[in-house]
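Lettering of chains follows the sequences in order, A, B, ..., and the numbering in each one begins at 1. All figures in this text were calculated on a predicted structure; none of them were measured in a lab.
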Amino acid sequence: MKPLHLILFAFSLTFLACDPQAGDDDPDLTDNFDREAMLAHWADNVIGPAVRRYDVALADLDMATTVYQANPNDEHLDSVRVRFERAYLAWQRVDLFAFRGAEDSQLRERTNTYPTDTARLLTESDANLELPSNFDVQGFPALDFLLYGTPDPETHKDRIAELVKRIQDPVTPFLLSWEGNSRDSYVENSGSSANASVDRTVNHFIFYYEKYLRAGKVGIPAGVFSSDPMPMLAEAPYHGELSKSLFLEALAASEDFFTTSPGLAEYLDVLGVERDGQPLSARIKAGFADARAAASGLDADFATQVEDDNTEMLQLYDALQRNVILLKVDMLQALNISVDYVDADGD
Amino acid sequence: MRTETSAAPLIVFRIGFGLMMLLSIIRFWAYGWIYKLYIFPDFFFSYRYFEWVKPLGEWTYALFAVAGLSAFCVMIGYRYRIAILVFFLSFTYIELMDKTTYLNHYYFVSLLAFLLVFIPIPAGLGAAERRKSANTFYRNALRIFVGVVYFYAGLAKLNSDWLLHAQPLATWLPGRDHFPLVGPLFRERWVHFAFAWAGAIYDLAIPFLLWWRRSRPVAFVLVVVFHVMTWVLFPIGMFPWIMIVSALIFFDDDAHRSIVASLRAVLPRFGTRTKTRRTGPYRAPALAQAAIVAVLAYHLLFPFRHLLQQDELFWTENGFRFSWRVMLIEKAGMATFRVEDRAGDQRITVNNREFLSTFQEKQMSTQPDFLLEFGHFLADHYRAQGFTEPAVYVESYVALNGRMSRAYVDPTVDLTTISPDDPPRTWLLPFEEDIYGF
């Protein structure tokens with residue numbers, strides 16, 4: 001039984017030898033973190049309601065476009081425009097959760113691919129909107145052009161109504177994927193493999209934050225990925241004062257998803273994750289606040305902003321990038337979340 | 001000194017090794033990893049001096065078939081010498097195709113297969129009956145080979161991150177807190193330390209406990225318990241089973257003869273058919289013995305090559321692979337490459353996923369030699385795309401063993417000016433902390 005003695009001896013040594021350093025303090029982990037409860041909260045109180053509100057906003061928009069189609073006048077056009085803004089804002093709360101059923105229906109691509117191809121949008125009225133090559137002549141960006149970028153929207157009233165219906169189509173099935181049996185299978189898949197719900201949701205969230213929020217809304221128009229700023233690659237450029245609101249709504253959606261309880265911030269706290277003497281959750285929250293502050297002075301229209309003073313736009317990009325690092329490197333590591341969707345061996 | 005002994009331990013080892021390898025190949029194939037890892041990606045990370053080893057497209061399946069078939073021949077003892085050579089070559093070729101998939105246990109298999117090339121093992125089970133059918137030299141060579149792997153893995157754990165901070169276990173174990181019953185324990189700090197210290201002591205002690213006859217049965221129970229536990233807790237594939245089977249070599253002739261006897265009971269025809277092959281008392285050829293001594297010397301010395309470097313081993317990983325440093329570091333990172341044309345005004349930020357799989361990107365983001373190789377690849381790629389004088393910069397961040405992420409590669413360094421011979425510390429940003437120990 002010598003080995004056992006040895007091991008017991010080692011254990012007692014452990015407690016003598018260990019002088020916990022910064023980051024090593026035992027955070028007294030008596031309370032349990034329930035991953036399944038977190039998933040239920042996400043499905044029932046965050047994602048489900050966001051999709052439902054979006055669905056309602058689209059139904060409103062659809063009704064307004066039908067009225068406008070039958071009786072095109074300025075009053076009805078204003079009504080369509082107001083509801084377009086509301087639906088586009090509601091979409092920002094759904095975009096970051098465009099996975100599960102949404103991948104198959106290509107919800108994100110058909111809803112918000114920009115810049116829209118205005119030449120083809122005007123000439124190819126019979127384009128097959130199911131084709132990925134035609135994602136850039138539909139969705140909110142196409143509506144933005146038809147409602148705000150053309151001399152007379154009335155001439156496009158049928159097209160507008162058709163495109164709104166097209167945006168609506170995949171939303172009901174997507175909503176269903178967050179209810180009933182489908183919701184239960186999402187909540188019950190609470191393990192820690194690459195295909196489990198927590199890993200998938202968080203991976204999609206970070207992918208969204210990096211690619212669509214940081215790069216799509218800010219980095220690309222600011223010219224981070226090209227030689228010069230690209231104002232026409234901003235979101236909603238024809239509206240003229242919507243892109244900042246869309247960005248702020250998307251940023252708030254990401255921040256709320258991180259801070260909602262039970263959620264990622266709390267999970268990090270329960271695991272006692274500290275970095276350089278500060279809870280990682282606090283660092284990430286501060287990162288969101290920094291990004292919001294960096295955006296506060298910007299023009300309501302990002303296309304105008306990058307033309308007038310791109311430096312501030314680049315500062316916003318840097319603030320967003322700092323949180324990409326904390327989310328993607330530090331948080332994923334601390335939560336043991338695999339970045340690969342297929343499990344492979346390690347050693 | 002008695003040098004002639006039963007071949008039974010070698011025969012059991014051959015059967016066990018062949019079986020484990022056959023299962024490994026079948027498992028790898030069944031999981032669809034051949035396609036995912038070796039056919040789907042467009043780019044592959046090469047080992048230095050083995051840049052010519054690349055996947056063979058659809059023929060990669062044939063390569064795995066050859067490895068599987070030769071493993072089967074090793075197992076049944078059919079043309080063993082040729083089979084083990086073919087297995088060594090095909091398996092090693094597979095491992096050299098893309099260093100993204102490097103695992104210590106694949107290296108263990110390659111090196112062990114190479115060692116076995118020089119160890120004659122009688123075909124069939126009949127030779128196990130005779131008491132003087134092999135040389136103790138071979139059995140001891142295998143024992144040393146397996147023992148060194150454990151002992152070196154233990155030495156590598158004698159560092160401040162492992163012993164004083166229980167890292168990276170303190171990062172990994174809480175992720176298992178949803179396990180029934182014991183789950184909540186995995187968030188307890190003392191459990192992390194218990195696992196860390198027990199793991200280090202286990203690795204250091206187990207070769208000796210296995211070698212010493214009186215502690216051997218207890219030691220083997222520990223081997224099984226330890227490896228089953230790691231199999232439950234971590235995604236380490238076939239490794240635990242390979243090590244459990246390998247540890248059988250420490251048992252004495254009688255134990256192996258009874259294993260062979262029970263195998264013959266299950267496979268009676270197989271046993272009798274090969275019984276007719278006769279070989280006299282075995283003499284080890286001097287050349288084979290010299291080769292084995294050379295392999296073992298390499299096995300003992302190569303893992304210490306990092307001592308010739310001044311780099312912080314965990315940060316730069318210069319000398320980290322091929323050294324039995326198992327489960328020692330948890331690294332996460334991200335890398336964003338920017339290519340600029342020095343002779344023009346073109347510049348582009350690279351989407352890594354355009355060229356790499358998720359897995360490759362993940363491995364690249366924390367390992368300097370990967371980052372450099374990809375940087376050079378990007379320079380070539382964009383030169384072909386019309387950049388006259390491409391310069392490649394990378395903004396990268398790495399978090400190591402529970403520390404805050406920090407900038408990794410010096411973002412002002414043009415990677416095209418760096419050669420693989422330049423030590424990583426000259427183009428990485430400093431780690432600025434000390435990790436003490438081996």
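When all heavy atoms of A/Asn336 and B/Thr171 are compared, the pair lying nearest together is ND2-O, 2.5 Å. Closest heavy-atom contact between A/Glu210 and B/Met334: OE2-CE, 4.4 Å. Shown here for B/Ser405 and A/Val329, the closest heavy-atom pair between the two residues is CB-CG1, 3.9 Å. Scanning all heavy atoms of the two residues, the minimum distance from B/Arg187 to A/Leu271 falls at CD-CD2, 3.3 Å.
Ranked by heavy-atom pairs under 4.5 Å with chain A, the first of B/Gly402, B/Ser357, B/Ala200, B/Gly333 is B/Gly402. Among A/Lys328, A/Arg283, A/Arg35, the residue making the largest number of heavy-atom pairs under 4.5 Å with chain B is A/Arg283. Among the candidates B/Gly175, B/Ala196, B/Pro168, B/Ala332, the residue making the largest number of heavy-atom pairs closer than 4.5 Å to chain A is B/Ala332.
Heavy-atom distances place no part of B/Arg338 under 4.5 Å from chain A, backbone and side chain included. In this structure, chain A has no heavy atom under 4.5 Å from any part of B/Arg214. With a 4.5 angstrom heavy-atom cutoff, A/Leu326 touches chain B only via side-chain atoms. With a 4.5 Å cut-off on non-hydrogen atoms, B/Glu395 touches chain A through its side chain but not through its backbone. Interface remark: A/Gln278 contributes no atoms to any contact with chain B (heavy atom separation under 4.5 Å). Using a 4.5 Å cut-off between heavy atoms, A/Ile325 touches chain B through backbone and side chain atoms alike.
Listed by first and then second residue, the salt bridge (Lys or Arg N to Asp or Glu O under 4.0 Å) pairs that reach into residues 229-238 of chain B come to none, sequence neighbours excluded.
Within residues 342-349 of chain B, the residues having any heavy atom under 4.5 Å from a heavy atom of chain A are, by residue number, B/Asp345, B/Gln346, B/Arg347, B/Ile348, B/Thr349.
Within 6.0 Å of CH2 on B/Trp231 lie no more than 12 heavy atoms contributed by other residues, nucleotides or ligands.
B/Glu330 places no side-chain N or O within 3.5 Å of a backbone atom of A/Gln333 that could act as its donor or acceptor partner.
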